[in-house]
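Throughout, numbering of the chain's residues begins at 1 and tracks the sequence.
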Amino acid sequence: MTSETPATGTPDSPAPTVLLSTADGVATITLNRPGAMNSLDNATKDLLLETVRGVAADPEVRCVVLTGTGRAFCTGQDLKEHIELLENGGSDALFRTVDEHYNPLVTLIAQMDKPVVAAVNGVAAGAGASLAMACDMRIVADTAGFNLAFAGVGLSCDTGASIHLPILVGRAKAMELLYFPRTVPAAEALELGLATTVVPADALGDEVAALAARLAAGPTLAFGAMRRSVAHSASHGFEESLAFESAMMTRTGASEDHRGAVEAFVAKQRPQFRGR
Ligand SMILES: CC(C)(COP(=O)(O)OP(=O)(O)OC[C@H]1O[C@@H](n2cnc3c(N)ncnc32)[C@H](O)[C@@H]1OP(=O)(O)O)[C@@H](O)C(=O)NCCC(=O)NCCSC(=O)/C=C1/CC=CC=CO1
């Protein structure tokens with residue numbers, strides 16, 4: 001089944017700044033503020049959070065893709081709205097957006113029980129880079145890049161950058177990229193481990209569609225349990241991690257997918273995973 005939110009608007013009803021399309025178990029969330037390089041104003045953050053919550057909770061969705069329209073993936077906080085709010089209302093209320101938007105967003109992306117792929121179509125900066133880093137894989141157009149822009153606007157890092165950046169590139173490189181932000185081009189991002197794969201820009205859609213279809217046809221419960229296990233071991237010791245793995249094995253061991261795949265193996269057939 002395929003469904004799609006409208007991609008074009010009228011003067012009375014402008015195009016939504018977050019688009020959602022779902023087909024064959026894959027939900028694609030597209031940031032759609034190309035004129036503002038897909039930066040995140042408050043309305044977009046509200047809509048993005050609602051959209052991500054929806055796909056995380058939808059059992060029909062077995063893989064999520066996050067991408068952007070135009071020449072950016074996402075450039076983080078909308079600094080034009082930000083400066084207006086800063087000048088009109090002071091900073092305390094303004095920075096509640098970290099707890100109200102950015103933290104719930106990255107928590108959902110990192111912890112939902114299904115794979116999440118970033119299709120990095122263009123530059124990913126600030127919290128936009130953080131969102132991409134929270135995904136399981138970053139398929140990156142050869143024209144795209146990553147910019148840990150926070151220091152450039154005198155801010156600390158957020159949206160999980162302090163967690164995911166050092167995991168991906170190591171602490172020393174993470175600190176360098178945070179202290180001295182620059183746009184890391186796709187080829188270097190691949191060498192550093194920021195990018196999972198780099199593909200020609202005009203092949204990004206097809207490459208991501210193939211990967212997402214493969215993930216959506218996989219053992220979704222097992223993928224979710226693997227996400228949980230890998231995240232758990234990052235903040236727990238050896239014994240606790242083994243105990244958590246054991247609990248996840250028990251959970252997936254009770255799934256229809258497990259039984260069906262073992263039966264298929266023994267019968268020398270290909271398994272059909274249903275995600276339950
Ligand atoms: C490195 C860049 C991402 C890309 O550079 P470049 O390709 O040279 O493009 P530009 O000429 O700089 O930009 C083109 C137009 O897009 C506008 N734009 C870009 N980013 C933003 C943004 N984040 N907000 C608003 N507008 C943006 C830019 O002004 C140009 O518009 P005009 O054509 O009208 O001039 C580079 O653009 C860049 O460094 N962008 C800023 C990145 C950044 O600092 N992001 C915010 C970091 S902080 C954050 O993400 C999170 C929080 C969380 C909570 C609270 C408060 C703040 O931040």
Side-chain angles (χ1 to χ4, degrees), residues 16-18 20 29-33 36-57 64 66-68 72-112 116 118 120 122-136 138 145-169 171 173-184 194 227-228 231-232 234-235:
T17 57
V18 179
L20 171 65
I29 299 172
T30 305
L31 287 164
N32 186 38
R33 295 186 78 211
M37 291 195 90
N38 295 324
S39 59
L40 301 170
D41 62 358
N42 276 325
T44 304
K45 283 181 276 185
D46 284 340
L47 187 53
L48 181 60
L49 187 51
E50 184 189 321
T51 307
V52 175
R53 267 201 191 112
V55 300
V64 177
L66 184 61
T67 191
F73 172 77
C74 171
T75 58
Q77 179 87 344
D78 181 333
L79 296 174
K80 291 174 183 166
E81 179 189 70
H82 186 80
I83 191 63
E84 269 180 38
L85 296 172
L86 203 55
E87 284 170 353
N88 290 329
S91 73
D92 281 2
L94 179 50
F95 280 84
R96 282 206 290 272
T97 188
V98 175
D99 291 330
E100 289 172 3
H101 295 110
Y102 290 106
N103 284 353
L105 260 176
V106 71
T107 302
L108 281 161
I109 289 171
Q111 295 187 355
M112 71 174 80
V116 186
V120 184
V123 64
S130 305
L131 291 174
M133 291 189 296
C135 298
D136 295 326
R138 282 148 297 286
F146 294 82
N147 191 321
L148 276 298
F150 303 100
V153 287
L155 286 175
S156 182
C157 52
D158 70 6
T159 318
S162 68
I163 305 165
H164 297 119
L165 181 63
I167 289 175
L168 291 171
V169 304
R171 185 182 189 282
K173 188 49 99 173
M175 296 316 298
E176 182 206 308
L177 295 177
L178 286 167
Y179 286 163
F180 306 116
R182 63 188 167 89
T183 299
V184 176
L194 269 176
R227 294 193 102 209
R228 285 183 187 223
H232 187 273
S235 58

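- Proximity of Leu48 to Ile29: side-chain heavy atoms (C-beta onward) are separated by under 4.5 Å at one or more points.
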Between Leu40 and Tyr102, is a side-chain contact (heavy atoms from CB on, under 4.5 Å) present by the stated rule, with each step listed?
CA-CA 10 Å; Leu40 301 170; Tyr102 290 106; 3.8 Å; yes
Before giving the answer on side-chain contact (heavy atoms from CB on, under 4.5 Å), spell out for Val52 and Leu105 the whole-Å C-alpha distance, their side-chain angles and the decisive distance to 0.1 Å.
CA-CA 7 Å; Val52 175; Leu105 260 176; 3.9 Å; yes
Where do Val64 and Val116 land on the side-chain contact (heavy atoms from CB on, under 4.5 Å) test, with the steps shown first?
CA-CA 5 Å; Val64 177; Val116 186; 4.3 Å; yes
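- Note that OG1 of Thr51 is 11.0 Å distant from CG of Leu108, once rounded to the nearest 0.5 Å.
- Between Phe73 and Gly128 the shortest heavy-atom distance is CE2-O, 3.5 Å.
- Residues Met112 and Arg227 come closest through the heavy atom pair O-NH1, 2.9 Å.
- The side-chain heavy atoms of Asn32 and Val18, taken from C-beta on, include no pair separated by under 4.5 Å.
- Residues Asn42 and Lys45 are in side-chain contact: their nearest non-hydrogen atoms beyond the backbone lie under 4.5 Å apart.
- Listed here is the closest heavy atom pair of Phe150 and Ala161: CE1-CB, 4.3 Å.
- When the salt bridge (Lys or Arg N to Asp or Glu O under 4.0 Å) test is applied to Glu100, the partners found at least two apart in sequence or on another chain are Arg96.
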I'd like to know whether Asn147 forms a side-chain contact (heavy atoms from CB on, under 4.5 Å) with Val184, so could you lay out the CA-CA distance, the side-chain angles of the two residues, the decisive distance to 0.1 Å, and finally the verdict.
CA-CA 6 Å; Asn147 191 321; Val184 176; over 6 Å; no
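- To the nearest 0.5 Å, the span separating CG on Leu177 from CZ on Phe146 amounts to 11.0 Å.
- Counted by atom type alone, Ser130 and Thr159 present zero donor-acceptor pairs between their side chains at under 3.5 Å.
- What you find for Val169 and Ala174 is that their closest heavy atoms are CG2-N, 3.6 Å.
- A donor-acceptor contact shorter than 3.5 Å links the side chain of Arg138 to the backbone of Ala132.
- Residues Val153 and His82 have side chains not in contact (no heavy-atom distance under 4.5 Å, counting atoms from C-beta outward).
- Summarising the geometry, atom CD belonging to Glu176 is positioned 10.5 Å from atom CG belonging to Leu148; distances are rounded to the nearest 0.5 Å.
- Pairing each heavy atom of Ala129 with each of Ala124, the nearest pair is CB-O, 3.5 Å.
- A donor-acceptor pair is defined here as one N or O able to donate and one able to accept, closer than 3.5 Å; such a pair exists between the side chain of Asn38 and the backbone of Ala72.
- Put simply, SG on Cys135 and NE2 on His164 are 9.0 Å apart, with the number rounded to the nearest 0.5 Å.
- Residues Val98 and Pro104 share a closest heavy-atom pair of O-CD, 4.0 Å.
- Under the 4.0 Å criterion applied to side-chain N and carboxylate O atoms, Arg53 and Glu50 are not assigned as salt-bridge partners.
- Side-chain N or O atoms of Thr44 include none that pairs as donor or acceptor with a backbone N or O of Thr17 at under 3.5 Å.
- In terms of the salt bridge (Lys or Arg N to Asp or Glu O under 4.0 Å) criterion, residue partners of Asp41 (sequence neighbours excluded) are, by chain and number, Arg33.
- Expressed to the nearest 0.5 Å, how far CG of Leu194 lies from NZ of Lys173 amounts to 10.0 Å.
- Atom CD of Glu81 and atom OG of Ser39 lie 8.5 Å apart (nearest 0.5 Å).
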